[in-house]
2 protein chains.
Amino acid sequence: MRDPEQTRQKILEVSADEIHRKGFNATSLSCILARCEISKGALYHHFANKMELGYAVFEEVYAPAFIALWQPPVEAEDPIQGLSDFFSSMSKEMSCDELVCGCPLNNLCQEMSGVDEGFRIRILAMQQQLNLLIATNLSRVSSQLQPGLDFSQIAYFIVSTFHGSSSLSKSSLNKELFDKVIKELCRYMGQLKR
Amino acid sequence: MRDPEQTRQKILEVSADEIHRKGFNATSLSCILARCEISKGALYHHFANKMELGYAVFEEVYAPAFIALWQPPVEAEDPIQGLSDFFSSMSKEMSCDELVCGCPLNNLCQEMSGVDEGFRIRILAMQQQLNLLIATNLSRVSSQLQPGLDFSQIAYFIVSTFHGSSSLSKSSLNKELFDKVIKELCRYMGQLKR
DNA sequence: TTTGCAACCGACCTGTCGGTCGGTTAAACT
DNA sequence: AGTTTAACCGACCGACAGGTCGGTTGCAAA
């Protein structure tokens, strides 16, 4: 009946969802407790405080999910095509509600980077890891790309644009503007090829 | 001695700075009162509540400043060159502290769009106004650009990338990554020309 | 000079937040 | 069966938020 590991996972899962939707500060513990149907004591048995809970959500939920999301398209034979399909499928398959929540990494970056050092270093590490992932896979197929390109620069550019486009859909509440940016992003990426 | 209009302006100015640095929710009225050296009664004499203060800051401080910032580069003879210089000068002339605060419009978009309808519609209107500004000025020089371009799409793309790059500097605490993205953005914009 | 009112003051209110802690329960081991 | 301890409970706490309101002050018109 009692299953501490399951309790912990439930807390992480619910917290991840709440933080994704509302942001870290706007997420209240009482709301998490209600959804998990546990007491405050249970939560504080598993996590020292709200910050540590936030770090755990980042490391055990967001980070793995983030890599699992980006790795397949980037490691495709043709990463340019992989990323184009990846972005395009988002506007098609994601519901408006999901889209409006944005990327958890970018959300936390905006909200927490300037406020908490623990979040900042974790977010930065994740961004650098993603950048390396994209840049190395672009250089892998560099023979098919235009000469003289800075792959790290391009990787940061692509991710920045993607995050910026997520921001747009938050205010427009629909996919239209998001689609526009993604279209142009795909056009840009296509131009990287010879 | 008493100058209600000056008091009001002071409140708006200080609030704009606080909201820019900390975000809307994290900005406390008591902090604004302390910096303005006024009482809570004075603030609530001029503004109905915190939300209305936020709206006033947006409309009377952010929006005019935003237009004043973007209009000159976009309305230059060569808007592509104007925007390139505009972005490049940011990384050179802005201090790290300023850069890390990000664009007030984008910050509020991320924080408030999903939470408050009043903010959302104001932010969206501003984004559309900026988009129109850029798109019309690109079409103005369309004879110098490649054929078949969607100017609105390009305008949203440019702004999205810029906002995304601001996000990057928040976690890295330096200009390096911001510079990288801006460099690539300028390279992209250069390719729009014939 | 008196009067009216906008401008301003600040003590106080209510609600919610993250966090604490003494107590209870269930399960594993001796 | 008795003992220990991790797991969990929930009443309670202080801090601080936004917001209220009766009272005071200064200026301008009558």
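Hydrogens, waters and symmetry mates play no part in the numbers below; they use all other heavy atoms, side chains included. Below, read A as the first sequence line, B as the second, and so on, with proteins coming before strands; counting in each chain starts at 1.
Scored by the salt bridge (Lys or Arg N to Asp or Glu O under 4.0 Å) test, A/R187 finds A/E184 as partners (sequence neighbours excluded). Partners of B/Q9 according to the side-chain hydrogen bond (donor to acceptor under 3.5 Å, both in side chains) rule, which considers only residues two or more places apart in sequence or in another chain, are B/E5.
The shortest heavy-atom contact between B/E111 and B/G23 is OE1-CA, 3.4 Å. Closest approach of A/F151 to A/L145, counting heavy atoms only: CE2-CD1, 3.7 Å.
Classified by interplanar angle (parallel below 30°, tilted 30° to 60°, perpendicular above 60°), the ring pair A/Y188/A/F157 is tilted.
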Each nucleotide of nucleotides 19-25 of chain C classed B (base within 4.0 Å of a protein heavy atom), S (only sugar-phosphate) or -, in 5' to 3' order, makes BB----B
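Side-chain N/O atoms of A/H46 include one lying less than 4.0 angstrom from OP1 or OP2 on D/dC8. In terms of phosphate contacts, A/S30 brings a side-chain nitrogen or oxygen within less than 4.0 Å of OP1 or OP2 of C/dC17. For B/H45, no side-chain nitrogen or oxygen approaches OP1 or OP2 of C/dC8 to under 4.0 Å.
One interatomic measurement links the two molecules: CG of B/L43 to C1' of D/dA17, which rounds to 14 Å at whole-angstrom precision. One can place CD of B/E37 at 20 Å from P of C/dA7, the figure rounded to the nearest angstrom. Per the geometry, CG belonging to B/L33 stands 11 Å off C1' belonging to D/dG18, to the nearest Å. Between the CZ atom of B/F47 and the C1' atom of C/dA7 there is a distance of 14 Å, rounded to whole Å.
Side-chain contact, B/S152 with B/N131: a donor N or O sits under 3.5 Å from an acceptor N or O.
Looking at heavy-atom distances under 4.0 Å, A/I38 makes contact with sugar-phosphate atoms alone, never a base.
Mapping A/F24 and B/S39 onto DNA chain C via the closest heavy atom, the residue that lands nearer the 5' end is B/S39.
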